[in-house]
Structure formats: structure tokens, C-alpha cells
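Report on the following structure.
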Amino acid sequence: MTAEKLTTPAPQTPAERMKDIVALCKRRGFIFGASDIYGGINGFWDYGPLGVELKNNLRDLWWKKMVLTPPIGPDGQPVEIVGLDSAIIQNPKVWVASGHVGGFADPMVDCRETKKRYREDHLDVLVPNDGEGPWLAVPQNDEDGVAKSRIKKFGKGRSEDAFTRKSLSGIGLENYAKIIGPDAKEAGTLTEPKAFNLLFETKIGAVASDDNIAYLRGETAQGIFINFKNVVDSSRVRVPFGIAQIGKAFRNEVNPRNFIFRSREFEQMEMEWFCHPNEAKMWFDFWKTERQKFWQSLGLSGDNILMREHGQDELVFYSKGTFDIEYKFPFTDPGFGELEGIAYRTDYDLTQHQEHSKVKLEYMDPVTNERFMPHVVEPAAGLTRGVLAILCEAYTVDTNRPSGVYLNFHPALAPKKAAILPLTAKDEHPKLATKLYLELREEFAVDLDIKQNIGKRYARQDEIGTPFCFTIDDQTVADGTVTVRERNTMAQERIPMANVAAYLREKIKRV
RNA sequence: GCGGGUGUAGCUUAGUGGUAAAGCUCCAGCCUUCCAAGCUGGCUAUGAGGGUUCGAUUCCCUUCACCCGCUCCA
């Protein structure tokens with residue numbers, strides 16, 4: 001008893017848990033670091049044989065919930081949502097209109113001493129006229145009188161008139177060694193300005209020149225906005241309705257971190273809901289509820305998931321309200337990380353594109369004859385973040401089983417729904433197992449595994465989260481029944497082999 | 001982008017300025033009637049590049065990746 005206690009492993013810390021999840025993902029072929037054999041590449045990840053199945057399952061469930069069987073609206077009728085798959089590269093003007101190019105591409109400087117970061121064009125430098133002593137960096141918009149206090153501290157008795165105010169942008173790098181940062185004590189701690197444009201640039205055409213710069217999309221949403229008119233004109237949809245899109249997006253993140261949580265290439269599942277401005281608030285609440293239900297139905301529930309409203313200071317300038325659905329990842333624990341944002345974007349995007357493209361994007365309501373610019377509620381989820389949350393939630397330590405761990409996937413999400421296992425590699429077992437496998441694979445993602453002893457095979461399936469194992473033994477030969485072994489409980493029962501497909505169908509039932 | 005840490009096989013760990021070791025996994029075969037059993041055999045590693053040295057996995061430099069903290073996240 002005492003000895004047993006002593007050998008019981010200590011509970012995992014969140015960091016250890018995350019490390020194990022990453023190791024399992026690599027070991028079993030869910031997720032690999034991209035360009036592994038070349039030493040890797042920061043911020044990119046590859047999805048292995050099981051990872052792509054898991055990701056596709058989540059993607060398909062979202063598509064079904066949004067496009068194929070959208071929820072019932074407040075009026076008792078299903079809401080209307082259509083799909084879209086727009087190009088990753090669009091006319092660069094799209095990203096100017098959206099604000100991604102220009103407005104957010106400002107160079108920043110860091111202070112090595114204070115670890116603070118400043119926009120280069122927001123800083124001025126006070127240059128001493130007599131050339132003596134340090135140069136003083138101060139905020140351009142100096143409401144707090146920083147310049148005065150800095151001169152008092154470092155100006156050696158000189159007055160403000162003894163300095164000339166220059167923009168930091170106009171000051172050469174060779175002078176940075178003389179500059180004291182706005183909050184620093186020593187000179188020379190400011191880094192050279194770095195541009196923080198998060199959009200990936202590329203060049204169109206075989207001959208590269210600055211005239212043909214284009215951008216990889218930073219979000220799938222803009223592809224939806226620029227097709228709003230196309231969809232309205234071609235699809236018989238009427239406001240309110242939604243357009244949904246799933247696809248890759250690219251951002252030059254300053255600092256990719258935390259496995260696939262923040263990567264430079266990722267996948268989004270976004271839906272833009274177009275509605276009358278007067279109904280926007282109602283639809284915002286509607287989608288908040290619906291989207292929360294979605295993640296809960298996949299098994300993310302309890303204390304690990306929450307809804308959080310953005311504070312006023314957090315809101316982007318065009319949003320009149322944003323809710324995040326957040327998950328307690330091991331690397332955020334005890335905090336939470338964003339899984340999906342539901343944003344009320346007003347008519348900002350359509351208005352921007354109307355102005356920049358000169359194409360009228362207003363909607364004419366055929367019933368009321370009212371002309372208006374639709375407002376937008378946007379549930380925008382991270383597919384790859386969803387995969388990570390599902391993996392973290394499913395990871396279950398169980399020292400009572402040979403593998404020591406299993407992945408508790410919802411059967412609808414599991415990369416493999418079942419494994420077909422002949423108890424031995426002899427006699428009729430493999431023959432019957434192969435027959436069952438060929439039948440089941442027409443409808444389900446299943447594995448046939450004949451090699452090695454049964455315990456090893458159960459353990460392997462536990463580690464990849466296969467919810468059911470069907471085992472063929474001598475009794476199967478005699479009476480046509482197989483053993484079902486359930487992943488979470490390891491319990492077994494016998495059912496007729498002829499009922500296996502129906503059994504699986506019932507268990508996997510869509511969420 | 002800043003600071004700190006780590007880097008030996010798929011995983012977990014040894015070890016050394018002079019032939020790189022083990023357990024588990026994995027693969028092949030045998031055995032096996034329900035949870036990684038047993039037997040035999042096999043594959044696989046010092047992240048990359050430079051320097052010092054007769055000789056570097058070990059010491060030094062650079063770089064890359066990952067982890068932690070800050071920062072960033074339209």
C-alpha cells in the first residue's frame with residue numbers, strides 16, 4: 001500500500017500535460033512540425049494521417065451545422081446560410097479597404113531596457129541644439145508633459161528652447177545610440193524600427209516587381225464581403241441570411257507560440273450574417289447562444305469553456321460588441337484562450353468596400369422596398385484552434401490501462417470510428433475480420449489490425465482515441481457474434497456481427 | 001522583437017575531448033482465445049553550420065527549432 005502510494009506519479013502540471021499532448025500528437029501522427037527534416041520553420045505545422053481526419057471531421061461538422069442544417073431561427077423557421085469558397089489571393093485593394101494594409105502596418109520600436117514598445121511615428125526626439133548630452137525620445141502627442149519632465153531630469157539645467165523637436169521617423173539609425181527611450185534611464189536602448197504588417201506579401205506573375213504585389217488573405221471574411229453582391233444577385237437569398245466559408249488564412253504573427261494555437265498559416269471557419277440594422281442586436285444574441293451550443297455538443301463543456309465579453313478598450317473601433325468563446329488550454333491555465341469570436345461588425349466592411357470599389361452594395365428589401373446597408377454579425381471560429389481544444393479536452397490520463405492514456409474524442413470527431421481486431425492471426429479470425437472491415441469501411445473510417453497481441457492493439461487504439469473495437473474470436477466462427485470493447489470503460493459486450501454497422505451508426509449519431 | 005532555458009533513436013533517459021548505452025515503442029518471425037505477456041532478430045540519434053584540436057556529441061561562436069516570461073494579436 002505504502003509502496004504503491006510512493007510510486008503513484010504526481011499529478012501533471014499543465015506544462016507537463018501540454019508536453020505530453022504534443023509528444024502524443026507527433027508519436028501517433030496527428031501533428032508534426034513543418035519542414036521537420038530541414039530543422040523546422042517557425043509558425044507552421046503539418047497534419048499527419050490522423051490529424052487530417054480529425055480536422056476534416058470538425059470542419060465537416062461545422063459546415064453541416066452552418067450550411068446544410070442551419071439552426072432554427074427565432075421565428076421557428078430554419079435560418080438561411082449559403083456557402084462560399086473564395087480565392088486566397090484577391091485584388092490588393094481588398095486589403096486596403098479592409099484596413100489590413102496601411103493602417104496597421106506601422107513600424108514599431110522596442111525598448112530593451114523597459115521592454116516597452118512604441119509606434120515609430122508616435123515618437124518625437126528632443127535634440128539638444130548645442131549637441132551636448134543625450135537625445136530624449138518623447139511621445140508626439142504629449143498630453144502628460146513628458147517632454148518637460150524628461151528635460152528636467154536629463155537636460156542639465158537647459159530649458160525646452162535648448163532642444164529641437166524632430167520626428168523619430170526622420171532620425172537615422174546611427175543616432176539611436178544617443179537616444180534615451182521615453183521611459184528609460186539609459187541611452188541606446190531603442191531597437192531599430194520594425195514593420196509589423198501581419199499580411200504575407202507575394203508577387204503575382206513570373207516576373208517579380210513591386211507593381212504586382214499581392215497579399216495572402218489574413219482572414220476568410222473579406223472574401224465573403226466582396227462576394228456579397230454576387231451571392232445576393234445569384235442565390236435568391238433574402239436578408240437576413242448568412243454566407244459561410246472555411247479555409248486557410250495567413251498572418252505574419254510577431255511571435256508564433258503554443259503549438260498550433262498561434263501559427264502563421266491556419267484555418268478559419270467564418271460566417272457573416274447579414275441583417276437589418278434594427279435586428280442586429282437580436283441576431284448577435286442568437287449566434288452567441290448557437291455557437292456556444294456547438295462547442296458544448298462536441299464535448300467542450302464545464303469549467304474549461306466560457307463566454308467573455310470584450311471590454312470597451314478591447315473592441316476594435318468598428319465593432320459594437322464582441323464575445324469570445326474561450327477554452328482553458330493547458331498553456332493558458334488558469335486563464336483561457338480564444339476559440340471563436342462573435343463580433344457585431346456593424347456595416348463597416350460593406351461600407352468600406354462600397355467606397356473603395358465604387359460598387360453599390362446596399363440591399364433593397366423586396367417586401368418593404370426599404371434600401372439599407374446590411375449590418376453584420378460574424379461568428380469566426382478557428383478550425384485549427386478547435387482541433388487543439390478537442391485534443392486537449394480528449395487527452396485523459398488513466399494509469400489503470402496499458403497505454404496509460406487515452407483520447408476521449410466524441411465518436412463523431414474520432415479519426416477512426418472503430419478497429420476490427422481478429423483475436424489471433426490464425427484460422428478463421430483474419431478472414432472474418434477482413435470481411436467485416438470491407439463492409440464497414442464503405443460507411444465508416446475503420447482500421448483493420450491483425451498483428452501482435454490483443455492488448456497491444458487495444459492500447460494503440462486507446463492512444464488514437466478510437467471509440468470502439470470489434471474483436472473476432474472462436475465464438476464468432478461458431479455463432480456469428482463479436483465482442484465490442486468500449487474505449488472509455490474498457491467494458492465488453494457481445495453483439496451479432498450483422499448488427500455492427502447499425503451499432504456504430506447509432507453510437508456515432510451526429511451531434 | 002527582447003530576456004531566460006532546452007536540444008543524444010519515434011518516446012523517456014545514460015554517457016564521454018578518443019568505438020555513443022539502455023528501457024519502452026516500432027518492424028519481421030515464432031508463440032498467443034481478450035488489455036503493451038514471453039522468445040528471437042532488426043531499423044533508427046548527438047538539430048544545422050563554422051571554429052579550437054591529432055581527434056568535438058562534449059569546449060567556443062553563429063544559426064535553427066521548441067519551451068517559459070514580456071511584447072504583439074486589425
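Protein chains get the first letters and strands the later ones, always in sequence-line order, with residue 1 at the start of each.
Separation of the P atoms belonging to U58(B) and G50(B) is 13 Å when rounded to the nearest angstrom. When the P atom is compared between A22(B) and U62(B), the two are found 36 Å apart, to the nearest whole Å. Atom name C1', nucleotides U57(B) and A20(B): the rounded distance is 8 Å, in whole Å.
Not a single donor-acceptor pair, N or O on each side, falls under 3.5 Å between the base of C72(B) and the side chain of N255(A). Within 3.5 Å, a donor on the side chain of Y458(A) pairs with an acceptor on the base of C34(B), or the reverse. Between the side chain of N453(A) and the base of A37(B), a donor-acceptor pair under 3.5 Å is found. A donor-acceptor contact under 3.5 angstrom links the side-chain atoms of Q492(A) to the base of C34(B). Residue R457(A) places no side-chain atom within donor-acceptor reach of the base of C35(B), judged by atom type and a 3.5 Å distance cut-off alone. Taking 3.5 Å as the limit, the base of G10(B) and the side chain of R28(A) contain no donor-acceptor pair of atoms between them.
At C72(B), none of the side-chain N or O atoms of N252(A) fall inside 4.0 Å of OP1 or OP2 (strictly under the cut-off).
Pairing partner, A45(B): none, since no Watson-Crick or wobble contact has both distances short of 3.5 Å. Pair check for G23(B) finds C11(B); Watson-Crick or G-U wobble, both atom distances under 3.5 Å.
A donor-acceptor contact closer than 3.5 angstrom is absent between the side chains of Y458(A) and S403(A).
Ionic pairing of D462(A) and R485(A) is present here: one or more N-O contacts between side-chain nitrogen and carboxylate oxygen are shorter than 4.0 angstrom.
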